[in-house]
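Structure first, commentary second.
Within every chain, numbering begins at 1; the chains are lettered A, B, ... in the order of the sequence lines, protein sequences first and strands thereafter. It should be emphasised that the depicted structure is a prediction, and the values quoted were computed from it without experimental measurement.
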Amino acid sequence: MAKQISAAPSAQSRWTWDSVPDLPQTHYLDNRIYTDEALFEAEMARIFKRQWKFVCHESELERAGDYRAVSVADSPVFVVKGEDGAVRAFLNICPHRGARLLREARGNLRGHRLSCFYHHWTFSTAGECVTIPLPQGYKHDVVRPGSIGLRAVPVGLRHGLVFVKVDDSEEGQSLDDFLGVALDEIATPIKDLEVFHYHRVEVRANWKLFVETNCEGYHELLHFLNRTTALSQPEYMKRKWLLNPNGHHTFQPARIAYGKLRLGDRSEGTLAGMAPNMHIVVDLFPDCMINARSTVVRMDSLVPVSPGLTILECRGLAPKGDSADQRRSRVRQHNQVWGPLGRNLPEDIWAIETQWANMASGGLPYSIIAREDDNRATDDAPLRSFYAQWQRLMGVAPFNIAMAQTGSMANSSEIAI
Amino acid sequence: MKADDRIQLNELIVFTGVCLDQENFEGYLSSFCDDAEYQVVSIVPEIAQTVAWLDLTKPALESLLMSADRHTWNTGLRTHHIAAATFSFEPAHADTVSSVSIFRTDAEGNTKLYAVGRYYDRWVRSADSWLLAKRTLQLDTRVLAPPSGMPM
């Protein structure tokens with residue numbers, strides 16, 4: 001018997017790659033959003049500098065004088081705990097001649113003073129200039145301790161997470177307004193944690209592609225671990241995404257079958273507010289992704305470097321006060337999935353690096369984000385929610401970057417910042 | 001006797017690297033005693049801690065290796081270059097420290113240095129040979145690109 005061949009799709013339904021997909025505009029993406037240089041610069045200005053950005057966990061600032069130096073959209077920033085216990089943030093730039101004040105990623109300021117290595121101007125943890133060497137050389141009042149200081153950056157803490165907003169030139173949302181209810185579901189599990197793990201990955205892909213891996217459950221098919229322990233669970237497929245204001249998402253709790261991969265049981269040491277073997281995900285727009293797997297928490301954030309290069313920062317967190325055995329168990333459970341040698345994280349990176357390489361080649365002009373399943377696990381609704389917020393902030397249509405939000409066509413290289 | 005032991009341990013250390021390069025996981029696992037531990041650690045200045053990146057019992061190591069082909073890791077070809085540096089002998093065990101460089105060759109034939117570190121190994125006697133009781137790989141490299149779940 002001759003093999004039956006399916007009829008070709010009708011001309012109306014066939015997608016020819018170069019043509020605009022016959023889908024609602026919310027259900028596909030112009031892949032230039034991942035590769036366009038001008039758009040990337042606009043993202044840094046409009047999103048990463050103007051939105052609240054997670055930079056570290058408060059446990060990294062345990063003692064007075066502890067600091068963390070970070071980069072937010074090319075702006076060098078440090079956060080520091082003062083003698084008064086307050087956490088403040090400043091540009092990591094000396095107001096004198098622009099030298100980098102803190103050159104290590106972390107440390108403690110001796111005597112709660114920060115001295116610029118170049119000309120030894122010295123500042124308090126409140127940002128005030130307290131010493132200028134050889135002051136007799138300055139004849140003008142503006143160059144006096146007390147009349148000059150560090151450039152403060154708005155900072156806020158919620159549930160142990162430290163956020164900054166580098167560009168506060170426009171009146172924007174308060175941190176509470178920005179977060180809204182986004183952290184409610186995970187507030188109890190992430191209470192009183194400390195960082196025990198940190199690693200970075202240089203990902204050769206656009207930052208949004210990594211965010212997307214945490215915004216949809218469909219790609220769990222990529223992971224042997226997730227196929228076996230998550231997608232195989234009927235309960236997992238029913239879990240829903242909650243789409244919160246400002247592009248934040250919560251992936252409702254579900255139980256994971258770790259035993260199916262001989263990964264051990266997680267019924268002991270369960271975090272407050274979680275059931276054994278439970279998994280919750282919270283995504284904070286634009287780039288902070290929090291995963292809690294019953295006993296341990298992963299917190300990822302991104303440092304976009306260029307359209308095709310992103311620094312991924314991965315933290316692991318566990319409750320303060322663990323015994324040595326408890327902590328070792330949690331570290332093992334963290335690394336099984338999320339460590340640099342884990343069973344999950346390297347696969348996500350490998351996948352999006354192949355995506356970006358193909359998008360950069362121009363081989364695929366559009367991506368499809370058209371899954372609809374009542375916001376259940378494999379629905380693309382969180383991706384659409386993310387890009388709705390992206391569009392609000394960027395003023396650019398993600399389905400056609402040449403189209404401004406008003407509908408008029410614009411040259412992507414002339415995006416006003 | 002110690003000279004023979006040094007030669008034997010050196011060959012065993014190199015053998016573990018060759019096993020990983022050739023994905024001879026059974027051979028690799030045969031180098032470990034039943035209650036052995038395998039760890040990858042790194043000193044992480046961002047949080048001023050020595051961080052465990054893998055901390056496996058032998059059964060957990062076996063589980064990881066035996067499911068390696070079901071994962072989608074971009075490992076390419078790997079080559080472990082190992083140089084045993086120091087040996088110390090006690091009545092019940094031997095300790096060795098070796099430097100290791102791991103190179104990765106991708107599908108296009110490009111070779112890059114993937115990771116650098118040291119093996120801190122504890123060996124116990126087994127009949128006329130030695131078995132690993134504990135291997136700790138301390139990595140100097142903290143950014144693995146591309147990362148993979150494969151032990152080193």
query: Given a strict heavy-atom distance threshold of 4.5 Å, which part of A:Glu347 is in contact with chain B: side chain, backbone, both, or neither?
result: both
message: Can you tell me which portion of B:Met152 sits under 4.5 Å from chain A's heavy atoms? Options are side chain, backbone, both or neither.
response: side chain
- request: May I ask you to decide if the ring planes of A:Phe224 and B:His71 are parallel, tilted or perpendicular, using 30° and 60° as cut-offs?
  value: perpendicular
query: Which region of A:Leu222, side chain (C-beta onward) or backbone (N, CA, C, O), has a non-hydrogen atom less than 4.5 Å from a non-hydrogen atom of chain B, or is it both or neither?
result: both
- prompt: Would you say B:Asn24 has more than 12 foreign heavy atoms packed within less than 6.0 Å of its CG?
  reply: yes
query: Using non-hydrogen atoms only, which part of B:Glu62 is less than 4.5 Å away from chain A: side chain, backbone, both, or neither?
result: neither
- request: For A:Tyr218, look at atom OH and say whether over 12 heavy atoms of other residues, nucleotides or ligands are found less than 6.0 Å away.
  value: no
message: Quick check on the interface: out of B:Pro151, B:Ala68, B:Pro59, B:Ala52, who has the most heavy-atom pairs with chain A under 4.5 Å?
response: B:Ala52
message: Rounded at 0.5 Å granularity, tell me how far CD in A:Glu60 sits from CD in B:Glu46.
response: 9.5 Å
statement: Bottom line for A:Val195: the part with an atom under 4.5 Å from chain B's heavy atoms is both
message: Within this structure, what is the CZ-OG distance for the pair A:Arg343 and B:Ser63, rounded to the nearest 0.5 Å?
response: 4.5 Å
query: Relative to chain A, which segment of B:Val143 carries a heavy atom at a distance below 4.5 Å: side chain, backbone, both, or neither?
result: both
query: How close do A:Pro340 and B:Pro147 get, heavy atom to heavy atom, and via which atoms?
result: O-CB, 3.6 Å
- request: Go through B:Leu56, B:Val51, B:Ile47 and name the one with the most non-hydrogen pairs under 4.5 angstrom from chain A.
  value: B:Ile47
message: When you compare the side chains of A:Thr228 and B:Arg70, does any donor N or O come within less than 3.5 Å of an acceptor on the partner?
response: no
statement: Under 4.5 Å to a heavy atom of chain B? For A:Arg68 that would be side chain
message: With rounding to the nearest 0.5 angstrom, report the CG to OG distance, B:Asp55 to A:Ser329.
response: 10.0 Å
statement: Output for pair (B:Leu144 CG, A:Leu341 CG), nearest 0.5 Å, gives 6.0 Å
- prompt: Does B:Thr72 reach the side chain of A:Trp350, with side-chain heavy atoms less than 4.5 Å apart?
  reply: yes
- request: Of all the heavy-atom pairs spanning B:Pro146 and A:Glu353, show the shortest one and how long it is.
  value: CB-OE1, 4.4 Å
task: Using a cut-off of 6.0 Å, state whether more than 12 heavy atoms not belonging to A:Lys320 lie near its atom NZ.
output: yes
- prompt: Where on B:Thr57 is there a heavy atom nearer than 4.5 Å to chain A: the side chain, the backbone, both, or neither?
  reply: both
message: Among B:Ala60, B:Ser148, B:Ala145, which residue has the highest count of heavy-atom pairs closer than 4.5 Å to chain A?
response: B:Ser148
Pair A:Glu313 + B:Arg142, salt bridge at N-O below 4.0 Å: no
field: Working for side chain to side chain contact (heavy atoms under 4.5 Å, CB included), residues B:Gln49 and A:Tyr198
entry: CA-CA 9 Å; B:Gln49 294 181 36; A:Tyr198 176 93; over 6 Å; no
message: Nearest 0.5 angstrom please: A:Leu345 CG to B:Trp73 CH2, how far?
response: 11.5 Å
From B:Leu54 atom CG to A:Arg332 atom CZ, the distance as rounded to the nearest 0.5 Å: 10.5 Å
